[in-house]
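This report concerns only the one structure given below.
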Amino acid sequence: RDHGREGGAKGMSLSSPALADATVSSTGDAQPNLVVRPFTLVPGARYLFRLDAVASGRRHSTTSAEVEVEVNRPPSGGVVVATPSHGAEMVTEFELHAQGWEDDQLPLAYTFFYRLARGTGERVVLTDAQLAPRAKAFLPAGVLRLGVAVVDIIGAEARADADSPVQVASLNLTDSVIEDVLSLATSLDVQEANQLCGALARKLNGGHGEGSDGDVDRQRGKHVREQMLTIMQKASASAGPVSKGAVDQRAATVREVVARPEELTPASQVVAGDLVVQLAAASAEHGVTDTGGHALVHALDGLLSTDAHELDEGAKGAVDASVASAAGSIAASLVVGSVAGEGQAELISPRLNVSAVRARPESLEGSQQRAPGGRGSIALPSGVLAAHRDAAAGGVDLKVVTFGRNVHGDPEANLTGSANGTVPFTADAGPQASSASSSTSSSFTSSGDAAEERNGTRTQAQDRAAPVLATDTISIVLGAADTGRTLPVHGLATPIRIAVPIRGSASSYRSV
């Protein structure tokens, strides 16, 4: 698009997709960039796209450009076969074989997965994308339907399930079974080690068998989870670079292992944090799938659900730093490959919400942006990017994270405008709080209560009657889209205004 022009993109074919429809295009048809959502266009069809540009204020000064594209067809003609048809969880090594797949755009890559034959149908990834059409896998108990996703070199994907589900018998979770599984996992590569640890974690989290064969006392569970995380860490250290497919599998395993926060030792939390940091960093480089993104966010949610008071200063600092770092990387992963003008992408969990949007500078300045999960809003004043016109020319990434537990240090040290560390509900943070990367975690009391706190005259009855209220911690980062460099913001005449919902009471504030 020429500078000073307004334009829009139109698409035409026999099927005539409505580009203004948000379900068809993530940008709409009235912006310089056009992104058509996956699986919208007809495979094998040809489409003619035309861009009409109109000079600002000159309706009769118009220019156009056209491009014709043919939509790639996905792989076809294949099946997936799983053997044997019966086995035992965490013991039987099942074999999967993708056969007969054809495509003009070679080579093909294969990713194997399973899902419960009865239930939600959620896919659990078993392997990274690989050129070999065969794989081996250890499975949890249940009636499972095994499948394969086949992707060509351009990215067109087809999926298929095996004709019949496999029957995986449940085992009694004795100490001997646990030790055998952990011992085997130590001898496997990172992929199969994660398969075994994922199956064992799901067993510990509830089991798939009958009766109480999945039950393990809490102390034993703590020990087993710590061992699994250590095995996963060692296997990961000996593996190569982490791909997008590897994130899907390994993040899902970490999510299962940390699913019971009460069974995570301080050492387990530190190792889990390190694993998620590694996976999130890879996602920031390659992008992230919906499967991998949700697994990463829920793994961090598990760490935020632990009792931070059980951690010593060193462990708490390490876990908090990992959560903050990984959350930032996840936010960056949401805009990998995106263009300015696409809508906000977000990942939601009870205690961690992440969003990111790539936009043109002029569309951000003076705008109000939605916080992830709808938990508040951010009002960006005009001129917020005035000091970065050149750096922001290629677009700006707005990345927002809300944390259910403060991971940025002492909340009172982050507050502004209050000597005693409390902020009245109606207070404005002031210009000094405006920055490209800011966070706040505040307790709110009335001005009368604050005076009593300073004088030390509050009674226990007053504490019970007037509980402390709190907000999530929120982190906001503005960055250059083409370089990833953070754009510092300071000296604003009008501050960045953050609206966040107040939650809970004194007791709930201490528990999050």
Side-chain angles (χ1 to χ4, degrees), residues 107-114 123-132 135-138 148-149 151 153 155 157 185-199 201 228-258 268-303 318-319 321-338 345 347 349 352 354 356 399 401 484:
L108 300 180
Y110 304 86
T111 301
F112 295 93
F113 60 86
Y114 78 83
R123 290 195 309 153
V124 179
V125 176
L126 292 168
T127 70
D128 190 359
Q130 58 184 50
L131 297 178
K136 297 181 178 181
F138 295 96
V148 66
V151 182
I153 192 65
E157 178 182 306
T186 60
S187 66
L188 300 173
D189 63 24
V190 65
Q191 188 165 275
E192 290 188 317
N194 273 269
Q195 292 170 2
L196 266 183
C197 290
M228 285 192 289
L229 289 164
T230 300
I231 291 169
M232 293 158 58
Q233 185 182 49
K234 290 181 178 178
S236 179
S238 63
V242 181
S243 67
K244 186 185 292 189
V247 171
D248 287 354
Q249 188 212 19
R250 299 184 206 175
T253 304
V254 178
R255 173 185 179 177
E256 291 292 344
V257 176
V258 303
S268 292
Q269 296 177 51
V270 172
V271 174
D274 289 343
L275 287 169
V276 179
V277 165
Q278 179 192 32
L279 298 173
S283 296
E285 180 180 356
H286 304 301
V288 70
T289 67
D290 287 343
T291 298
H294 282 96
L296 287 170
V297 165
H298 281 275
L300 293 180
D301 185 271
L303 294 179
V319 173
S322 291
V323 172
S325 173
S329 294
I330 294 168
S333 76
L334 294 178
V335 290
V336 171
S338 67
L347 294 166
S349 73
L352 183 77
V354 182
K399 295 167 282 191
V401 183

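Predicted, not measured: the structure shown is a model, and the values here were computed from it.
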Residues passing the side chain to side chain donor-acceptor pair (under 3.5 Å) test with Q269, sequence neighbours excluded, are T306
Enter the distance from K136:NZ to D189:CG here, rounded to the nearest 0.5 Å. 11.0 Å
If you round to the nearest 0.5 Å, how far is OG of S333 from CD of E285? 12.0 Å
Which atom names give the shortest non-hydrogen contact between A299 and V254, and what distance separates them? CB-CG1, 4.0 Å
Backbone of V297 reached by a side-chain donor or acceptor of D301 within 3.5 Å: no
Do side-chain atoms of S236 reach the backbone of M232 as a donor and acceptor pair under 3.5 angstrom? no
Is the closest side-chain heavy-atom distance between H294 and L347 below 4.5 Å? yes
Heavy-atom side-chain proximity of V242 to L279 below 4.5 angstrom: yes
Do T127 side-chain atoms and F112 backbone N/O form a donor-acceptor pair below 3.5 Å? yes
CG-CZ distance between L296 and R250, expressed to the nearest 0.5 angstrom: 12.0 Å
Taking only residues two or more places apart in sequence, or in another chain, which ones meet S283 in a side chain to side chain donor-acceptor pair (under 3.5 Å)? none
Tightest non-hydrogen contact, residues A193 and I231, listed as CB-CG2, 4.4 Å
Set out, in order, the CA-CA distance, both residues' side-chain angles and the distance that settles side chain to side chain contact (heavy atoms under 4.5 Å, CB included) for V270 and V319, then state yes or no. CA-CA 5 Å; V270 172; V319 173; 4.0 Å; yes
Looking just at side-chain N and O atoms, do Q130 and T111 make a donor-acceptor pair shorter than 3.5 Å? no
So does V271 get a backbone contact from the side chain of Q233, meaning a donor-acceptor N/O pair under 3.5 Å? no
Minimum heavy-atom distance between R123 and A149, given as atom pair plus value: NH1-CB, 4.1 Å
Minimal heavy-atom distance between A129 and A109, with the atoms involved, is CB-CB, 4.3 Å
Q195 side-chain N/O to L126 backbone N/O, donor-acceptor pair under 3.5 Å: yes
Would you please test N194 and C197 for side chain to side chain contact (heavy atoms under 4.5 Å, CB included) and show each step? CA-CA 5 Å; N194 273 269; C197 290; 5.7 Å; no
Regarding D248 and T291, is there a side-chain donor-to-acceptor distance under 3.5 Å anywhere? no
Atom pair CD/OG of Q278 and S322 - distance to nearest 0.5 Å: 11.5 Å
Say you draw a straight line from CG of L300 to CZ of R255; how long is it, rounded to the nearest 0.5 Å? 11.5 Å
Minimal non-hydrogen separation, V125 against Q249, with atom names: O-CG, 3.4 Å
Single hit among V257, V258, T230, L229 for side chain to side chain contact (heavy atoms under 4.5 Å, CB included) with S268: L229
If we only count heavy atoms from C-beta on, is the K244 to V288 side-chain gap below 4.5 Å? no
Using a cut-off of 6.0 Å, state whether more than 12 heavy atoms not belonging to D290 lie near its atom CG. no
I'd like to check Y110 versus L131 (side-chain heavy atoms, cut-off strictly below 4.5 Å). Are they in contact? no
Minimum heavy-atom separation for L352 to S349, with atom names? O-OG, 2.7 Å
